[in-house]
*Asks:* 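Shown below is the structure under consideration.
Atoms within each ligand, like the ligands themselves, are counted from 1 in listed order.
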Amino acid sequence: MALKKVLTIAGSDTSAGAGMQADLKTFQEHDTYGMVALAAVVTMDPKTWAHDVTPLPLDLLDKQLNTAISIGPDAIKTGMLGSEEVIKRARQAYDESGSEIFVVDPVMVCKGDDEVLNPGNTEAMIKELLPKATVVTPNLFEAGQLSGLGKLTTIDDMKKAAEKIHELGAQYIVIKGGKALESDKAYDLYYNGQKHVLLSTDKFQSSYNHGAGCTFAAATTANLANGETPEEAVKHAKAFVASAIKNGWKMNDFVGPVDHGASNRIEKIEVYTEEV
Ligand code: ADP
């Protein structure tokens with residue numbers, strides 16, 4: 001059977017743990033055919049690892065999107081888009097593609113930098129992306145911004161935020177508690193408009209976890225393209241990224257990426273689920 005074609009609209013992380021590099025590696029590990037339309041290139045200062053984001057010209061993004069859409073992606077994922085204009089184009093590309101799987105990773109900050117990339121982007125994501133999202137995968141901070149609830153600190157807060165984001169049009173929501181939630185386990189909350197399911201794994205080292213968020217959303221996208229239900233897709237993506245984090249490695253004094261191949265090559269991690 002032909003491989004499912006999966007397109008990411010995202011930035012390039014030159015250190016290759018996150019961004020479109022993480023997406024492509026993850027798509028490959030899931031036996032899908034990964035494709036990219038690149039919105040920006042992120043480089044790092046070798047001395048300080050400060051991030052520098054260079055947006056690509058919009059007409060170049062348009063050409064990539066035209067090419068990719070002509071190939072007929074079965075699923076589309078968005079990553080770091082960077083500007084309202086790019087967010088709008090990602091939405092248009094999804095509409096034109098005829099694809100029925102749209103996974104929105106609402107990236108708001110570049111890891112390593114705490115500054116929100118551009119506050120207008122949050123509004124644009126709410127208007128353009130959420131109403132079409134099959135699955136949206138915010139971390140705690142992003143879920144607080146999208147829901148308007150601000151700082152989220154408990155599972156109960158996450159439930160309220162998921163309900164708000166569902167009202168904004170996203171079909172399925174998974175809020176990543178991850179390392180930001182104070183807890184003994186790595187918790188994520190899945191919501192389908194009716195029930196809340198808490199997903200958990202052991203919490204592993206978190207020094208070398210660069211790319212975890214992108215990897216999780218990319219795995220979710222590939223799993224959906226391969227025919228899994230949203231709940232299965234998210235659960236299996238969590239298992240995949242947990243192994244990637246457990247086996248994360250030190251690249252230099254500043255950053256350590258996850259090991260995108262760990263789940264297939266080294267070890268499978270068990271995910272527990274519980275309705276809450
Ligand atoms: P982002 O990179 O978007 O902030 P996170 O890194 O918080 O996203 O989370 C990505 C995925 O990795 C989520 O499923 C989260 O629960 C999981 N995760 C994050 N940190 C850990 C950890 N230390 N151990 C196990 N899983 C983790």
Side-chain angles (χ1 to χ4, degrees), residues 8 10-11 13 15 17-23 26 42 51 77-81 103-117 122 125 135-146 151-153 155 158 161-162 165 172-191 197-221 223 230-249 255-260 262-263 266-274:
T8 181
D13 165 18
S15 79
M20 68 95 162
Q21 287 85 348
D23 293 345
T26 301
V42 184
H51 290 41
K77 167 190 183 284
T78 64
M80 191 188 77
L81 300 174
V103 175
V104 174
D105 187 15
V107 178
M108 292 180 186
V109 294
C110 226
K111 216 177 247 164
D113 284 340
D114 286 335
E115 214 174 303
V116 176
L117 286 174
T122 304
M125 285 182 205
V135 179
V136 59
T137 63
N139 59 24
L140 270 192
F141 174 77
E142 292 155 353
Q145 297 293 308
L146 292 174
K151 195 168 161 55
L152 312 177
T153 54
I155 306 277
M158 290 161 78
I165 296 169
Y172 302 93
I173 294 102
V174 53
I175 301 182
K176 300 171 290 187
K179 62 186 175 311
L181 189 72
E182 279 186 39
S183 56
D184 50 336
K185 300 273 177 197
Y187 289 115
D188 298 333
L189 183 80
Y190 168 84
Y191 182 60
V197 178
L198 193 61
L199 307 164
S200 61
T201 66
D202 287 338
K203 208 171 213 178
F204 302 112
Q205 63 79 28
S206 53
S207 305
Y208 310 125
N209 65 357
H210 179 63
C214 305
T215 300
F216 176 73
T220 300
T221 313
N223 289 336
E231 194 169 333
E232 284 170 344
V234 163
K235 184 177 172 187
H236 295 154
K238 184 165 177 63
F240 183 86
V241 75
S243 184
I245 292 170
K246 186 175 175 196
N247 293 284
W249 55 283
V255 70
V258 300
D259 179 345
H260 310 86
S263 181
I266 303 174
E267 59 189 320
K268 302 277 180 218
I269 305 286
E270 189 145 11
V271 176
Y272 299 91
T273 57
E274 175 194 358

*Asks:* Is there a side-chain contact between D184 and K203, using heavy atoms and a 4.5 Å cut-off?
*Replies:* no
*Asks:* Quick one: closest heavy-atom pair of I245 and A212, and the distance?
*Replies:* CD1-CB, 3.8 Å
*Asks:* Can N209 be said to touch ligand 1, with heavy atoms closer than 4.0 Å?
*Replies:* no
*Asks:* Do E267 and N247 have side chains that approach each other closer than 4.5 Å (heavy atoms only, starting at C-beta)?
*Replies:* yes
*Asks:* If the cut-off is 4.0 Å to any non-hydrogen atom of S206, which atoms of ligand 1 fall inside it?
*Replies:* 23 (N)
*Asks:* Would you mind telling me if ligand 1 is within reach of the side chain of Q205, the backbone, both or neither, using heavy atoms under 4.0 Å?
*Replies:* backbone
*Asks:* Can you name the atoms of ligand 1, numbered from 1 with element, that are less than 4.0 Å from a heavy atom of K238?
*Replies:* 14 (O), 16 (O)
*Asks:* For V107, does its backbone N or O pair with a side-chain atom of D105 as donor and acceptor, under 3.5 Å?
*Replies:* no
*Asks:* Quick check on contacts: which atoms of ligand 1 are under 4.0 angstrom from a heavy atom of A186?
*Replies:* 25 (C), 26 (N), 27 (C)
*Asks:* Polar-atom distance check: K176 versus ligand 1, any N or O pair below 3.5 Å?
*Replies:* yes
*Asks:* Distance under 4.0 Å to a non-hydrogen atom of V241: what atoms of ligand 1 satisfy this?
*Replies:* 11 (C), 12 (O), 14 (O)
*Asks:* In ligand 1, which numbered atoms sit nearer than 4.0 Å to a non-hydrogen atom of A212?
*Replies:* 6 (O), 10 (C)
*Asks:* For T201, which of K238, K185, K246, E270 qualifies under side-chain contact (heavy atoms from CB on, under 4.5 Å)?
*Replies:* K238
*Asks:* Against heavy atoms of I245, which atoms of ligand 1 measure under 4.0 Å?
*Replies:* 12 (O), 17 (C), 18 (N), 19 (C), 20 (N), 21 (C), 26 (N), 27 (C)
*Asks:* Relative to ligand 1, is K203 under 4.0 angstrom through side chain, backbone, both or neither, heavy atoms considered?
*Replies:* both
*Asks:* Hey, is D202 one of the residues with a heavy atom under 4.0 angstrom from ligand 1?
*Replies:* yes
*Asks:* According to the interplanar angle, ranging from 0 to 90°, do the rings of Y190 and Y172 count as parallel (below 30°), tilted (30 to 60°) or perpendicular (above 60°)?
*Replies:* parallel
*Asks:* Closer than 4.0 Å to some heavy atom of N139 - which atoms of ligand 1 meet that?
*Replies:* 1 (P), 3 (O), 4 (O)
*Asks:* Return yes or no for this condition: an N or O of A242 is under 3.5 Å from an N or O of ligand 1.
*Replies:* no
*Asks:* Looking only at atom types and distance, does a side-chain atom of K268 sit under 3.5 Å from a main-chain N or O of A239, one as donor and one as acceptor?
*Replies:* no
*Asks:* Show the atoms of ligand 1 that are less than 4.0 angstrom away from any heavy atom in D188.
*Replies:* 13 (C), 14 (O), 15 (C), 16 (O)
*Asks:* Examine distances only and state if a side-chain atom of H260 and a backbone atom of G17 form a donor-acceptor pair shorter than 3.5 Å.
*Replies:* yes
*Asks:* Is there a donor-acceptor pair closer than 3.5 Å between any side-chain N or O of D13 and the backbone N or O of G19?
*Replies:* no
